[in-house]
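Some notes on the structure that comes next.
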Amino acid sequence: MDKTILDKINRFTRRKLSEDEVYVFSVILCDNDIDRDCERFSDGALEALRQRFIGKTGIFDHDPSTVNQNARIFHTELITDEERKNACGEPYKYLKAMAYMVRTDENKNLIAEIDGGIKKEVSISCSAAKRICSVCGNDKNVTSCAHVKGRSYGGRLCHTVLDDITDAYEWSFVAVPAQVNAGVTKKYSEEDTVKAAVSCISEADDELRRDIRRLAYFAGGRAAADIASLSAAGLTTKQLIALRRSFEEQCGRGRAEVQLAPDAEETDPTEGFSMR
Ligand SMILES: [Zn+2]
């Protein structure tokens with residue numbers, strides 16, 4: 001074993017381990033291809049994950065006999081395979097990690113399985129503050145758009161691009177039988193995503209509040225706009241989106257009756273207004 005590998009490992013251990021004590025293996029954590037959830041990581045996301053996964057512990061789940069057995073990533077690298085293209089036609093990029101386990105009697109079988117290539121599926125857990133629609137660039141963490149992932153628009157598959165990684169939590173080996181597309185899955189909790197995205201959201205919230213005011217004006221004039229602004233002040237993003245939607249519906253229904261009579265200092269209330 002390369003001495004630099006052992007040095008890297010020993011940065012994470014309480015005592016210096018010898019070459020015989022550790023088992024080193026590599027995994028592909030994720031890549032830039034569109035996965036079965038019709039999502040993919042942006043290049044920036046892959047680089048952020050590369051940095052954040054160093055030192056992270058991996059677990060072997062779905063198998064009670066592997067409880068308390070874990071591995072730790074001590075090295076990561078982004079690799080571009082120019083020969084292979086992802087579904088977008090870009091060179092295939094993947095995040096490879098090297099991990100180690102301290103050899104014990106208990107993990108002997110597990111190590112044999114990894115060596116035999118049986119445990120192939122890796123799942124990672126992370127937070128993405130942005131989830132961009134590949135068709136229109138809308139951030140789905142903030143607001144919705146009309147595009148449905150998995151559908152084709154102008155011959156291009158609509159998918160979600162995960163971007164702005166704010167945290168990486170853990171990775172796990174999922175014991176699955178060998179399959180054609182054995183590879184990477186990922187999971188993240190929406191709540192984490194939302195929490196981590198607070199700073200990006202405040203700007204988007206302002207935009208939502210402007211939309212709400214505009215729509216309220218559209219529906220009920222200046223007084224309605226003032227009331228809507230007041231009530232929108234303390235709302236969360238989700239509530240803002242819901243409120244905007246209800247105003248959009250109201251405007252959609254009542255548009256014929258709405259009399260547009262903006263007063264002088266009000267900017268055009270329909271400016272930027274669109275039904276989404
Ligand atoms: Zn879209």
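The first residue of the sequence shown is numbered 1, and numbering continues consecutively from there. Just so it is clear, the structure is predicted and the values come from calculations on it, not from any experiment. Just follow the structure's listing: the first ligand is 1, and inside any ligand the first atom is 1.
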Q: Look at the side chain of N10 and the backbone N and O of L17, then say whether any donor-acceptor pair between them is shorter than 3.5 Å.
A: yes
(Q) Just to verify, what does K56 make a salt bridge (charged side-chain N to carboxylate O under 4.0 Å, His left out) with, not counting sequence neighbours? (A) none
Q. Between W171 and F25, how do the two ring planes meet: parallel, tilted or perpendicular, split at 30° and 60°?
A. tilted
**Q.** Spacing of D31 atom CG and Y94 atom OH [to the nearest 0.5 Å]
**A.** 10.0 Å
(Q) Would you compute the distance between atom NZ of K93 and atom CZ of R50 and round it to the nearest 0.5 angstrom? (A) 12.0 Å
Q: State whether the side chain of N107 and the backbone N or O of I111 hold a donor-acceptor pair below 3.5 Å, judged by distance alone.
A: no
Q: Run through the protein N/O/S atoms less than 2.8 Å from the Zn ion (ligand 1) and write them out by chain and number.
A: C133 SG, C136 SG, C145 SG, H147 ND1
